[in-house]
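First the structure, in the form of structure tokens, and then the observations on it.
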Amino acid sequence: MSRLFRCLFAFMVLLAPALAQAAPRAPVVLAAASLQEAMNDAADAFARTGHPRPVVSFAGSSALARQVEAGAPADLFVSADEDWMNALAAKGLIRADTRADLLYNTLVLIEPAGQHTRLSIEKGFPLSRALGGGRLALADPAGVPAGKYAEAALTWAGVWGAVKDRIAIGENVRAALALVERGQARMGIVYATDALASNKVRVIARFPRASHPLIAYPVAQIARSDNPEARAFLAFLTSPRGKAVFRRHGFGTR
Amino acid sequence: MLRPEDWGVVFLSLKVSLLAVGCVLPFAFLCAWLLARGRFPGRVLLDALVHLPLVLPPVVVGWVLLILFGTNGPIGGLLERTFGLTVMFRWTGAAIAAAVMALPLMVRAIRLSLEAIDPRYEQAARSLGADGPRRFLTVVLPLSLPGVLTGAILGFARSLGEFGATITFVSNIPGETQTLPIAIYSALQVPGEEGRVWTLAAVSVALSLAALLVSEGLARRGTKDGHVL
Amino acid sequence: MSFDVDVSVRLGAQVLGAAFATGEGLTLLFGPSGAGKTTILNMVAGLVGPDAGHVRVGGETLFDSAAGIDVPAHRRRLGFVFQDARLFPHMKVRANLLYGWKLARSEDRWIALEEVTRFLGIESLLDRAPRTLSGGEAQRVAIGRALLSGARALLMDEPLAALDPERSEEIMRVIERVRDELKLPILYVTHDREEAARLATDRIEVRPL
């Protein structure tokens, strides 16, 4: 019995130094889940210039913003939409002078590879008929940016009412992509970058620029960050070398 | 088959789960004890509170932890000011999330084993000269040991699988808070990463199965020997 | 004088009471089931608290409501032998026997493990687990465990009730020897007439209220 206690005690004592460790010096970047491949490539490219490789945490923009609100020890925040960045700015949690629109994206209508639907997107286009009996995969329009943009675009085209009962909601845009990849949904609306990343889907058409609000990924340094590497990485992201990485993944840059 | 970074994920998961179970075990025992033996006002409330993580959506638990343990939160702020300890975005924070989610399962297992102890053994110990603490150490604790071990292993398995509360509370930081389920989630986000998903999922299944089998074995041994370990 | 007891306790709407003083040997609390014999024994042991009265054993006051004395059960040095032997299932026979012995102050220990095992004929059982013992063996170990705890008297609550006639006879002989050779005062609860006739030095009738 007392042996058990001694083991437990030793365990606690051994853990104590681990608990007291300092945070890593590489900048901690909170990035929207849809940036996973591109941001990892950018972090690798930054590391090749002699800097420590940034530590990147990918999750939903909303979850990441909540973590910043709670005082997360992070350095940079890259949001998938302006709303969350605005919310943090209003609370003084980001450094306003470091905020920039890092990337732009566009929306595309996709179908599983091997299909050959011909459809051009304009006001009143026959989306409902093209779906047949199938479903249209979207990220959740209630809260996920990609879903919100898709709803806005379909409303602009005047077809939202006709298809809104036939959508298949993904928890995020990559889940919507997977629904189309597996043929669970007849078509889907995702970012151009998602379509480019997958060889199991085919782009039917691109949504016109005017059909939805500007899809921008704002970046900013978090107010409590004092890591000089964070500034360096931010500068790299907006440099020609950084932009080239993102363009390779299908993003637009200024 | 496993890449070096995958091994890192596996070891991190084990480390997080071990810390979670090790630290929450005494607390779980105390709760189980109070629920099994205690007769006090608020007992029903404690029961409900302990079971809350079992029935709440894990994201809600993560969000509450974020508010409490965040650097701006009441507990997180206190830890940071007094001990210079940050749990947010640290593996210790992941352990806190796992511990909270594992607590109800552990309390249930320990409580069952405490309730199964015949109080007449304690009466016998009392007549032989054992005071309260000694009765606890020599009779109650050893007789509840199978339940404690089962609870610890169930809690460990639950910790290994913890996702929602963890990603909400401490994010998805490779090498720090990216545990097995979160690594699987991340790999699922990337087209063409199905191979990694399969590998990590297989490791998950193997670890959880092993834990549950050990727990099952202990439970059976416990009944066979009349709680002898 | 061995036991000097005068206690009462309220149990729901009823009041249970007993008053008696005993001499040497084995004193029987005799009466039908449900008369409250076990409760009286528990009050002597300190497992149930009387509302009023006193309990003295061998001249020492263990409970006195008027004087505000209430020695806790674990310090009364009264060996309790239950109907079911209640050996600790997670300990071997040896550890069961030594459980109370280790807790007793050295000046209170009056018998050694070797003596007890020889006296009770349980030398060969020391390394066995309780669940492997027969009912008679278990009860002998339970008596040994009570003796080794430094008990100044024994309280026995129907120790033969769970045994078949043969085992019963075996344990009855052990109890007689404890009474006659070890000269330990015993307070003994039973509802069995034959047992009562054979063991009792003294006998107190307990009637249902």
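Here is the naming used below: chain letters follow the sequence lines, and residue numbers restart at 1 for every chain. Everything numeric in this text was worked out from a predicted model, so none of it was measured.
Looking at A73(C), the atoms closer than 4.5 Å to chain B (heavy atoms on both sides) sit in the backbone and in the side chain alike. For L148(C), no part lies under 4.5 angstrom from a heavy atom of chain B. Contact annotation for R86(C): both backbone and side-chain heavy atoms come within less than 4.5 Å of a heavy atom of chain B. When heavy atoms are compared at a cutoff of 4.5 Å, R77(C) does not approach chain B at all. With a threshold of 4.5 angstrom between heavy atoms, D84(C) approaches chain B through side-chain atoms but not through N, CA, C or O.
Counting heavy-atom neighbours within 6.0 Å of R134(B) CZ, excluding the residue itself, gives a total of 12 or less. Atom CZ of F40(B) is surrounded by more than 12 heavy atoms from other residues, nucleotides or ligands within 6.0 Å. Taking a 6.0 Å sphere around CH2 of W110(C), one finds it holds more than 12 heavy atoms contributed by other residues, nucleotides or ligands.
Within the 4.5 Å cutoff, the side chain of P89(C) has heavy atoms near those of the L143(B) side chain. Residues F80(C) and Q123(B) have side chains not in contact (no heavy-atom distance under 4.5 Å, counting atoms from C-beta outward).
Ranked by heavy-atom pairs shorter than 4.5 Å toward chain B, the options R145(C), R76(C), R75(C) are led by R145(C).
For the pair Y121(B) and F88(C), the tightest heavy-atom approach, listed with the atom from each and the gap, is O-CE2, 3.3 Å. Heavy atoms only, all atoms of each residue included: Y99(C) and A125(B) are closest at OH-CB, 3.5 Å.
Here R135(B) contributes atom CZ and H74(C) contributes atom NE2; the two are 7.0 Å apart, rounded to the nearest 0.5 Å. A distance of 13.0 Å separates CG of L128(B) from NZ of K102(C), quoted to the nearest 0.5 Å.
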